[in-house]
2 protein chains.
Amino acid sequence: MARTSLQERKQKILQIVIHHYIRSAKPVGSETIIEKYKLEVSPATIRNTLADLEKEGFLTHPHTSSGRVPTDKGYRFYVDSLVQLQRLTQEEEQRIDHEYENQRMELGRVMQETSKMLSMLSHYTGFVLTPSVVNDQVRRLELIKLDGNNILAVLVTVSGLIRHKVIVFEGNTNSAELGELNRMLNRNIAGLDIKDIGTEIIRKLHTEKVKQERNLQLLEILLQQAFNLADESELYLEGTGNILSQPDFSDYDKLRNIFKVIDEKKMLTDVLETKFEDRGVRVLIGEESTCKDLEECSIVTSTYRAGDKTMGALGIIGPKRMEYSKMIALVDYFSKIINKTLNRQKKEHTGEPRKK
Amino acid sequence: MARTSLQERKQKILQIVIHHYIRSAKPVGSETIIEKYKLEVSPATIRNTLADLEKEGFLTHPHTSSGRVPTDKGYRFYVDSLVQLQRLTQEEEQRIDHEYENQRMELGRVMQETSKMLSMLSHYTGFVLTPSVVNDQVRRLELIKLDGNNILAVLVTVSGLIRHKVIVFEGNTNSAELGELNRMLNRNIAGLDIKDIGTEIIRKLHTEKVKQERNLQLLEILLQQAFNLADESELYLEGTGNILSQPDFSDYDKLRNIFKVIDEKKMLTDVLETKFEDRGVRVLIGEESTCKDLEECSIVTSTYRAGDKTMGALGIIGPKRMEYSKMIALVDYFSKIINKTLNRQKKEHTGEPRKK
DNA sequence: ATTAGCACTCCTTATATTGGAGTGCTAATT
DNA sequence: AATTAGCACTCCAATATAAGGAGTGCTAAT
């Protein structure tokens, strides 16, 4: 066999094992490989190769006399070697597109629907992470007087996210005062990066004269309180029940671990937030998520962005034994759709020309 | 035995069986009853009574030679006969109180925290249902111009709920116009029941003169769009993973059924919404929830109200075999706390004197 | 009405028994 | 040197069998 070098075959066999295991959920043995994939070698040869692959850490044995099962390292190789990414079927793409056409929902709801669709199409758990809006820019900040001590601050970002927060301000302001302050603020902060607001506002204040002492006070409180609403990231999780249908999690302890993370959204948020510097779809296999309780899971995730700023992440969580090819295509498609939706909103606001 | 009539004993035995089953999760037999509860009758007598109770539909047999297990009817009797409700321990009450002291969170977040606490203290799944705000009254409605076609409507209710929605209005309004309209609106609608706004506004409009044609148009759209934001009820669910720890749900099919309902929040919302005419804590046992998938669960729920209007519901979902006494006390306490919190907000707004 | 006595049921647990899937090794083959 | 046939060996998974026990239901005695 000159054509198929040893290395080549080894890799091919590894891929076959993993591919087959992903679909069958059963450890795969040498005979199976030959039967289903018509390799022109004997079972014994396969066995030798399998033993090699095990020595190199790509596969394991549940017990002496059972077939092989991929290790994390094996999955990693498999995912990295997926060259031609499966595309979604036309039907699927249309179904998704349809959902986003002529819709004018508030962004929060879009995200919720998105995670629901992710879960339905993947049959795993779908998520969308709307991270802190600190990377976003201010479109408007509206101060509304509620009663004596309470002011409602509504922040609208350039990408269309809306956050509100009740602020306690002990000094009595009347509506007129507040309105003036409001206009002044919006003249100065529109378009600013939210994370810069603190420093910027102080700088700009020197150019405008602030009418009253107390307004300065209020501003201070605003800076302290209103903009830590920007910190609160939101995580939409849907289809958590799908996890139950996975044969991989027939063990109750494994299940409980996973639900520990799901219930404690904070944990999950942390995992997801620390992992998205890059662009493009990323796959976190087992321990790669650096979360002990997720060692039996894989996460397929991508970011979405408004303009050039990374805004948040979306994706799916499932067992390590998942159809990566399909899932990557799915997540990728959604990330693109969301990008489109976000940038449409942004264009409409800034009035930028469509080209470029 | 003149003192203990037959009926009395029968009921007592029923209570013992259920009480013991709730704590042990094992079918209870005649011997056990005598051992643990020191009845002065023989096992045979107990057996006769048990057989009677089974004939009457309060108990069943998993199989011929096992102890008795309550039926839904049995649980119903048990719950109805719980006269002296257990109170929470001081420690627990303090822990809860502490959480609500000097906090000034937006109401949505309060609800989320509340459901989390419900789940933690019950070890089951906690929920808070913020129903459609239609039963609430308007405190303020603020219109904020976003860009050409989009207006952000922020509705603040008397009880402190905040809803926002982006409204599409094709005609271009400038901020000044909008501001005027806004002031006009708030002069007229503050304090109105949200469900009456449609009719009321039309009536009131005849007393004020509306400046421009287009404002009328805008108003119409507002009425159509802004106030169906009132329809969206929100369901906060926490601690779903706790369900996994229940030995009652060691069966995967049962688990899946429950998670079907949990994932499809809409279903759960419907169940909960149709069930809260009454005041006070209610217990829905098994099929009483009229939801097939919840036939293995019980729901302990109570409403909370602002003033005299029922606002929403909160409670816990767990297995039928739950410590009802404790759970009822827990849910009751939370409902009272939330009532207090809500009415505090309301008082602060209306400036009503604290007494009465 | 209550109870002792006892046969009977059926679950639960433990223990063998078996078949088979799959491996790893050795020695023969190309 | 790589491949392969042959075979012993391992261990799981399924099935059968047995023993123990918890608990019932019935009958007859109190």
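Chain A is the first sequence line, chain B the second, and so forth, proteins listed ahead of strands; every chain is numbered from 1. Worth saying up front: this structure is predicted, and the values here are computed from it rather than measured.
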Distance-only polar pair, side chains of B/T240 and A/D263, donor-acceptor under 3.5 Å = yes

A/H63 NE2 to D/dC9 P, in whole Å, measures 18 Å

Check whether the side chains of B/T32 and B/Y37 place a donor and an acceptor atom closer than 3.5 Å, and report yes or no.
-> no

Within the 6.0 Å centroid threshold, strictly below: B/F259 and A/F259 = yes

How long is the line joining NE2 of A/H61 and C1' of C/dG22, in whole Å?
-> 8 Å

Euclidean distance, atom CG of residue A/L50 to atom P of D/dA2 [Å, nearest integer] = 17 Å

State whether B/S65 places a side-chain N or O below 4.0 Å from either non-bridging phosphate oxygen (OP1 or OP2) of D/dG23.
-> no

Between the two ends of the helix from C/dA1-D/dT30 to C/dT30-D/dA1, what is the bend in degrees, rounded to 10 degrees, where each end axis spans five pairs?
-> 20°

Scan side-chain atoms only and decide if B/Q15 and B/S81 contain a donor-acceptor pair under the 3.5 Å cut-off.
-> yes

Within the structure, does a side-chain N or O atom of A/T45 lie under 4.0 Å from either OP1 or OP2 of D/dT4?
-> yes

Closer than 4.0 Å, any side-chain N/O of A/T64 to the OP1 or OP2 of D/dC11?
-> yes

Sorted by position of nearest nucleotide on DNA chain C, 5' first, the leading residue of B/P62 and A/T32 is B/P62

Proximity of A/Y75 and A/Y21 rings by center, below 6.0 Å | no

Spacing between B/I34 atom CD1 and D/dT24 atom P, to the nearest angstrom = 11 Å

Round to a whole Å and report the spacing from CD1 of A/I46 to C1' of D/dT3.
-> 11 Å

Considering just the side-chain nitrogens and oxygens of B/R9, establish if one lies under 4.0 Å of OP1 or OP2 belonging to C/dT2.
-> yes

Tell me whether the OP1 or OP2 atom of C/dG24 has a side-chain N or O from A/R68 closer than 4.0 Å.
-> yes

Is the shortest side-chain N/O distance from B/S30 to OP1 or OP2 of D/dG23 below 4.0 Å?
-> no

Contacts table for residues 53-60 of chain A: side-chain donor-acceptor under 3.5 angstrom, sequence neighbours left out:
residue: A/E54; atom: OE1; partner: A/R68; partner atom: NE; Å: 2.7
residue: A/E54; atom: OE1; partner: A/R68; partner atom: NH2; Å: 3.0
residue: A/E56; atom: OE2; partner: A/K10; partner atom: NZ; Å: 2.5

Rounding to a whole Å, what distance do you find between A/N48:CG and C/dG22:P?
-> 17 Å

Gap separating the CG atom of B/L330 from the OG atom of B/S325, nearest 0.5 angstrom = 11.0 Å

Nearest-Å distance for atom pair OH/P, residues B/Y21 and D/dA22 | 19 Å

Note: for A/E54 and B/A44 on DNA chain C, the residue whose nearest nucleotide lies more 5' is B/A44

Starting from P on D/dG25, measure out to CG on B/D52 and report it in whole angstrom.
-> 11 Å

When you get a sec, tell me which of D/dT4, D/dC7, D/dC26 is the closest nucleotide to the side chain of A/R47?
-> D/dC7

